[in-house]
Amino acid sequence: MAVSTRLREIDHFTWEIPMDAQAGMRVPGIIFADRQLLERAENDRALQQVMNVAHLPGIVKASFAMPDIHWGYGFPIGGVAATDLERGVVSPGGVGFDISCGVRLLKTSLVLADVHDRLDALMDEINRLIPKGLGAKGGRIILSRREMEGLLEKGTRELIARGIGWEEDLEVMEEEGSYPGADPSKVSDRAFERGKGQVGSLGSGNHFVEIQEVDEVYGSADQLGLFQGQVVIMIHSGSRGLGHQVCTDYLVVMGKSIARSGYELPDRQLAFAGNQSEEGRDYIAAMACGANFAMANREAMTHWVRDAFEKVFRSGARSLGMELLYDVSHNLAKPEEHQVNGNTVGLMVHRKGATRSFPGRRPEVPKRYAEAGQPVIIPGSMGSNSYVLVGTEEALAKSFGSTCHGAGRAMSRKAAKKQVRGAELVERMREKGILVRSGSISGLVEEAPEAYKDIHEIVEVCEGAGLSRKVARMRPLGVLKG
């Protein structure tokens with residue numbers, strides 16, 4: 001029986017899969033979507049994954065799915081699940097292989113007229129400075145084992161101490177750039193080896209550096225320092241090979257533990273361990289290392305983007321207004337306090353392909369955003385708009401303060417390669433006024449705009465459901481892909 005036959009419409013943007021839809025579900029499934037997005041999710045088995053996640057021990061309230069939901073490993077991408085911090089579990093599939101994959105936005109005081117004639121030079125310089133592509137060996141930062149351990153433990157602070165990045169960037173990063181509880185001793189030698197030489201590298205797939213123009217503003221844009229016509233830079237990357245290996249290692253550990261316990265899962269990819277178990281604590285400590293690697297990785301690329309602008313404009317990055325707006329991750333499990341049935345409880349909130357969306361009153365939000373709310377940075381597909389939104393009180397009540405993380409794939413990478421020609425795609429982008437630099441034409445084709453859902457539809461659902469509120473819309477000017 002199709003999952004869609006069991007769906008109950010709560011409102012125009014919210015749908016429920018009841019607990020009796022599948023034996024073993026401990027909570028219902030809640031999907032934030034319109035009818036068209038719901039149909040896409042059904043077709044790629046993502047709704048089945050929403051039900052599977054509802055089996056996890058200690059899960060609270062519901063198994064949630066954001067409007068950009070699509071099939072992933074164990075959890076759907078766009079999946080959110082919170083488990084009781086004491087009695088619940090943590091699942092690497094609920095975080096993903098690219099731990100702390102995330103996005104940040106760098107502001108400038110420049111407008112389009114300032115960069116129009118220098119865009120080629122800017123893209124060439126950014127392309128020269130930032131290592132990219134699968135593996136990305138020979139990166140610009142080579143660390144010894146001891147230096148890597150310091151980076152994994154302290155995150156961006158360690159990088160800034162080396163003169164890479166700005167101290168003031170830390171204020172507008174989740175966890176101020178250093179995820180607590182990181183323990184490098186819980187990271188395998190293989191993960192260290194894979195991460196060596198990758199700090200400050202873009203990677204491949206959907207990761208990018210994009211120069212953009214703010215082409216539409218709403219409500220509280222001025223509170224975030226955004227204005228019509230402003231040039232901004234968006235950076236999207238994660239924990240590279242190190243994070244991937246951490247996930248791989250602990251899936252094996254937890255899979256063996258599950259097998260010994262005799263616990264039956266609807267999907268073996270949902271392997272888990274208790275939050276307070278030895279395996280669970282070890283994974284959380286290793287995941288924190290992956291998060292610290294990812295945040296430092298984005299900080300290093302920010303440093304080189306600033307260098308590129310300084311060289312092309314022959315002016316200091318501070319005089320060009322190149323402040324960090326915010327850095328947010330969308331692949332993490334985080335211990336947080338939330339209201340459940342009128343009580344404040346500790347939860348382990350898994351957000352896989354989902355972004356934290358807190359109102360300004362939460363202590364996790366930088367003080368400068370106390371009035372506006374936490375910035376939410378949502379990239380579109382290559383060639384489409386991206387958005388800045390802010391978190392809401394409603395999101396806190398509805399989704400543990402979570403919203404979407406992007407457009408979400410509508411077509412597999414393999415299908416995109418069959419349908420799109422690289423040279424035609426580059427020319428199409430140029431005709432739209434978008435300059436493209438890429439380390440791989442094959443990789444570029446996988447990220448063609450038609451491979452993704454409509455970002456405007458995704459954002460409208462998030463706003464309609466109250467999960468986040470629009471602040472600004474950007475259009476791409478130049479794109480660097482891995």
*Determine the interplanar angle of the F358 and H338 rings, folded into 0 to 90°, and report it as parallel if under 30°, tilted if 30 to 60°, perpendicular if over 60°.*
perpendicular
*Under the 3.5 angstrom rule, does the side chain of N331 hit a backbone N or O of D98 as a donor-acceptor pair?*
yes
*To the nearest 0.5 Å, what is the distance between CZ (R469) and SG (C462)?*
13.5 Å
*With no hydrogens and no angle check, is any side-chain donor or acceptor of K453 less than 3.5 Å from a backbone partner on I458?*
no
*Got a sec, which pairs hit salt bridge (charged side-chain N to carboxylate O under 4.0 Å, His left out) with one end in residues 68-85, sequence neighbours left out?*
D84-R87
*Might you work through the side-chain contact (heavy atoms from CB on, under 4.5 Å) test for M429 and V479, ending with a clear yes or no?*
CA-CA 10 Å; M429 294 296 102; V479 183; over 6 Å; no
*Is the NZ or CZ atom of K352 positioned over F75's six-membered ring, under 6.0 angstrom from the centre and within 45° of the axis?*
no
*Let me see the working for H236 and H405 under ring pair (Phe, Tyr, Trp, His ring centres under 6.0 Å), right down to the final yes or no.*
CA-CA 11 Å; H236 176 208; H405 87 304; 7.4 Å; no
*asked:* When you compare the side chain of V388 with that of M474, does any pair of heavy atoms fall below 4.5 Å?
replied: yes
*How about H116: does its NE2 atom have over 12 heavy atoms from other parts shown lying under 6.0 Å from it?*
no
*Can you see which heavy atom on G466 is nearest to which on T392, and at what distance?*
O-OG1, 2.6 Å
*Side chains of Q48 and Q22: donor-acceptor distance under 3.5 Å anywhere?*
yes
_Whether the side chain of E213 engages the backbone of L477 through a donor-acceptor N/O pair (distance < 3.5 Å, no angle test) should be reported._
no
_Backbone N/O of P266 and side chain of N52: donor-acceptor pair under 3.5 Å_ = no
_Treating S237 as the side-chain partner and L202 as the backbone partner, does any N or O pair qualify as donor plus acceptor under 3.5 Å?_
yes
*asked:* Under the criterion side-chain hydrogen bond (donor to acceptor under 3.5 Å, both in side chains), I'd like the reasoning laid out for S468 against T403: C-alpha separation, chi angles, the key distance, then a yes or no.
replied: CA-CA 7 Å; S468 44; T403 190; 3.0 Å; yes
*asked:* Working to the nearest 0.5 angstrom, can you tell me the gap between Y326 OH and L224 CG?
replied: 11.0 Å
*Looking only at heavy atoms, which two atoms of H350 and V89 are closest? And how far apart?*
CE1-O, 3.5 Å
*Take atom CD in E39; do more than 12 heavy atoms of anything else shown fall under 6.0 Å from it?*
no
*Do the side chain of Q49 and the main chain of G72 share a donor and acceptor less than 3.5 angstrom apart?*
yes
*From Q339 atom CD to L347 atom CG, the distance as rounded to the nearest 0.5 Å*: 10.5 Å
_If you count every heavy atom of other residues, nucleotides or ligands that lies below 6.0 Å from E264 atom CD, does the total exceed 12?_
no
*D215 pairs by side-chain hydrogen bond (donor to acceptor under 3.5 Å, both in side chains) with which of Q230, R473, R475?*
R473
_Which heavy atom of S329 sits nearest to which heavy atom of R298, and what is that distance?_
OG-NH2, 3.4 Å
*asked:* Does R35 form a salt bridge (Lys or Arg N to Asp or Glu O under 4.0 Å) with E9? I'd like the steps, not just the answer.
replied: CA-CA 10 Å; R35 289 183 181 275; E9 184 175 0; 3.0 Å; yes
*Would M123 and L480 satisfy side-chain contact (heavy atoms from CB on, under 4.5 Å), going step by step from the backbone distance to the final call?*
CA-CA 7 Å; M123 292 305 302; L480 173 67; 4.1 Å; yes
*In sequence, state the C-alpha distance, the side-chain angles, and the governing distance for Y250 and E279, and then conclude on side-chain contact (heavy atoms from CB on, under 4.5 Å).*
CA-CA 8 Å; Y250 281 93; E279 296 96 335; 5.9 Å; no
*Let me know which of L251, D249, V253, V90 forms a side chain to side chain contact (heavy atoms under 4.5 Å, CB included) with Y283.*
V90
*N341, CG atom: more than 12 neighbouring heavy atoms under 6.0 Å*: no
*So how far is it from F208 CZ to S438 OG, rounded to the nearest 0.5 Å?*
13.5 Å
_Salt-bridge criterion met for E336 and R351 (N-O under 4.0 Å)_ = yes
*Interatomic spacing from CE in M295 to CD in E175 - rounded to 0.5 Å*: 7.0 Å
*Does atom CD of E371 have more than 12 heavy-atom neighbours from other groups under 6.0 Å away?*
no
*Which atom names give the shortest non-hydrogen contact between V461 and P67, and what distance separates them?*
CG1-CB, 3.8 Å
*Are the side chain of S239 and the backbone N or O of S100 linked by a donor-acceptor pair below 3.5 Å?*
no
*Can you find a side-chain donor-acceptor pair between Y179 and E174 that sits under 3.5 Å?*
no
*Which pair of heavy atoms, one from P476 and one from E210, lies closest together, and at what distance?*
CB-OE2, 3.3 Å
_Could you check whether atom CZ of R421 has more than 12 heavy atoms from other residues, nucleotides or ligands sitting under 6.0 Å from it?_
no
*Please determine if E460 and K470 form a salt bridge, counting it only when a charged side-chain N lies under 4.0 Å from a carboxylate O.*
yes
*Check whether any side-chain N or O of R26 sits under 3.5 Å from a backbone N or O of A54 as a donor-acceptor pair, and report yes or no.*
no
*Would you name the heavy atoms of I377 and L105 that are closest together and state the gap between them?*
CD1-N, 3.6 Å
_Could you check whether any side-chain N or O of T108 sits under 3.5 Å from a backbone N or O of V232, counting only pairs where one atom can act as donor and the other as acceptor?_
no
*Quick one: do E450 and R428 make a salt bridge, cutoff under 4.0 Å?*
yes
*asked:* Any side-chain to backbone donor/acceptor pair from N343 onto V345? Under 3.5 Å, distance only.
replied: no
*Got a second to check how far I378's CD1 is from I455's CD1, nearest 0.5 Å?*
6.5 Å
*With a 3.5 Å cut-off and no angle check, do the side chains of N275 and T83 form a donor-acceptor pair?*
yes
*When you look at S399 and M66, which way does the side-chain contact (heavy atoms from CB on, under 4.5 Å) test go after all the steps?*
CA-CA 9 Å; S399 62; M66 300 298 113; 4.2 Å; yes
